[in-house]
Amino acid sequence: MKGIFTALIGAFDEQGQINEKGLREIVRYNIDHSKVDGLYVNGSTGENFLLSTPQKKKVFEIVKDEAGQEVKLIAQVGSLNLEESIELAKFTTELGYDALSAVTPFYYKFDFEEIKDYYNAILEEVDNQMIVYSIPALTGVNMNLEQFRELFENEKITGVKFTAPDFFLLERLRHAFPEKLIYSGFDEMLLPASVLGIDGAIGSTFNLNGVKAREIFESAQKGDLEKARKLQKETNDMISDVLSNGLYQTIKEVLKVRGVDAGVCRKPMKSATESQIKFAAEIQKKYFE
Ligand code: HMN
């Protein structure tokens, strides 16, 4: 379960329906071209929170069908509707997903006991492992070391996707829980996180840049910091341009330039404008050709 995991981008048509052919192409591209170790399915990048339960299930099915046993698969099943989370956890476990992940419950100001109960309730129902998805900037949920310790008391919670710029907490977690899996969630911070001893990374930009992400991770692990810094700098130039042009729209448009039909974003997200499409083509040329 270690290594580079792509947070899989979604593929939808103009009506917001799943573009099955495009989704399969995205999966193949990540496996065959980028050679990532795994896929993180129905995360933020997959526009998960915009989908109905049947649509989420369809994505899980298509990805598993296309990827088979070729790479590890993590199913993000977190939802404010706990019954939906449990249903998706059971569904993906039966499909053969290697791990579950669930975003910390958000929007309402849940206290820590409620958050802990949420994870334990999901895990009581399934025989699978869970990677906690911590992304304080989007959820407002900021857990401290002691709270992670309490979550990790459940042996089925085997790790965390740590999407925060808090390197003090990351180091404390690494030190305190050497046996748990820690994945870095911010691609632009892959190098410092790698130096602190993470087990892997899960990122949206790996849909485009999986090959170089692995090089950063592996160079840092080998102690070749000069090379890792150069690669992270090049990567961050690219990420800055991608973010300035609209993250998901740009990932999709760059993939299309490469012949991968990543479709458009689902409403209420906007589809790429002409100028975003044009800049995406420039990004492809500037960083990838
Ligand atoms: C997911 O749930 O789809 C991803 O794992 C989220 C991932 O951590 C990304 N975070 C967000 O999109 C908020 C990052 O890859 C991020 O897109 C990247 O570092 C650029 O900022």
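Whatever order the structure lists ligands and atoms in, that order sets their numbers, starting from 1. For reference, positions follow the sequence shown, starting with 1. Worth knowing before you read on, the calculation uses all heavy atoms, side chains too, and leaves out hydrogens, waters and symmetry mates.
- The Ile135 neighbourhood of ligand 1 comprises atoms 13 (C), with distances under 4.0 Å to a heavy atom of that residue.
- Side-chain polar atoms of Ser44 and Tyr133 form a donor-acceptor pair below 3.5 angstrom.
- In the vicinity of Ala7, heavy-atom distances shorter than 4.0 Å reach the ligand 1 atoms 1 (C), 3 (O), 4 (C), 5 (O).
- Backbone and side-chain nitrogen or oxygen atoms of Thr205 are examined, and none is located within less than 3.5 angstrom of a nitrogen or oxygen of ligand 1.
- Within ligand 1, counting atoms from 1 as listed, the ones closer than 4.0 Å to a heavy atom of Asp187 are 14 (C), 15 (O), 18 (C), 19 (O).
- Shown in contact with Ser204 at under 4.0 Å from a heavy atom are these atoms of ligand 1, numbered in order with element: 14 (C), 15 (O), 16 (C), 17 (O), 18 (C).
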Could you list the donor-acceptor pairs under 3.5 angstrom formed between side-chain atoms of residues 195-203 and any protein atom two or more places apart in sequence or on another chain?
from: Asp199; atom 1: OD2; to: Arg174; atom 2: NH1; distance (Å): 2.8
from: Asp199; atom 1: OD2; to: Ile182; atom 2: N; distance (Å): 2.8

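- Each of the atoms 12 (O), 17 (O) of ligand 1 lies under 4.0 Å from some heavy atom of Leu247.
- When Lys267, Lys252, Arg266 are each tested for a salt bridge (charged side-chain N to carboxylate O under 4.0 Å, His left out) with Glu47, only one passes: Lys252.
- Side chains of Glu124 and Asn120: a donor-acceptor N/O pair is absent below 3.5 angstrom, by distance only.
- Residue contacts with ligand 1 leave out Phe162, since none of its heavy atoms falls under 4.0 Å from the ligand.
- Under 4.0 Å is where a charged nitrogen must lie from a carboxylate oxygen, and between Glu218 and Lys222 no such pair does.
- Listed by number with element, the atoms of ligand 1 under 4.0 Å from a non-hydrogen atom of Glu188 are 18 (C), 19 (O), 20 (C), 21 (O).
- The distance criterion of under 3.5 Å between nitrogen or oxygen atoms is not met by Tyr40 with respect to ligand 1.
- Taking every heavy atom of Tyr133 and a limit of under 4.0 angstrom, the matching atoms of ligand 1 come to 1 (C), 2 (O), 4 (C), 6 (C).
- Contact annotation: the side chain of Gln129 approaches that of Leu181 to within less than 4.5 Å [non-hydrogen atoms, C-beta and beyond].
- Residues Tyr40 and Phe206 place their aromatic rings such that the two centres sit no closer than 6.0 Å.
- In the vicinity of Gly203, heavy-atom distances shorter than 4.0 Å reach the ligand 1 atoms 15 (O).
- Distances from ligand 1 to the non-hydrogen atoms of Lys161 include at least one value under 4.0 Å.
- Between Tyr287 and Asp241 there is a side-chain heavy-atom pair separated by less than 4.5 Å.
- Ring orientation note: the planes of Phe148 and Phe152 are tilted relative to one another, at an angle of 30° to 60°.
- Under 4.0 angstrom from ligand 1, the non-hydrogen atoms of Tyr248 all belong to its side chain.
- In this structure, Phe60 has its ring center under 6.0 Å from that of Tyr97.
- Nearest protein heavy-atom contact of atom 3 (O) of ligand 1 is Thr45 OG1, 2.6 Å.
- Nearest non-hydrogen protein atom to atom 8 (O) of ligand 1 is Gly185 O, 2.6 Å.
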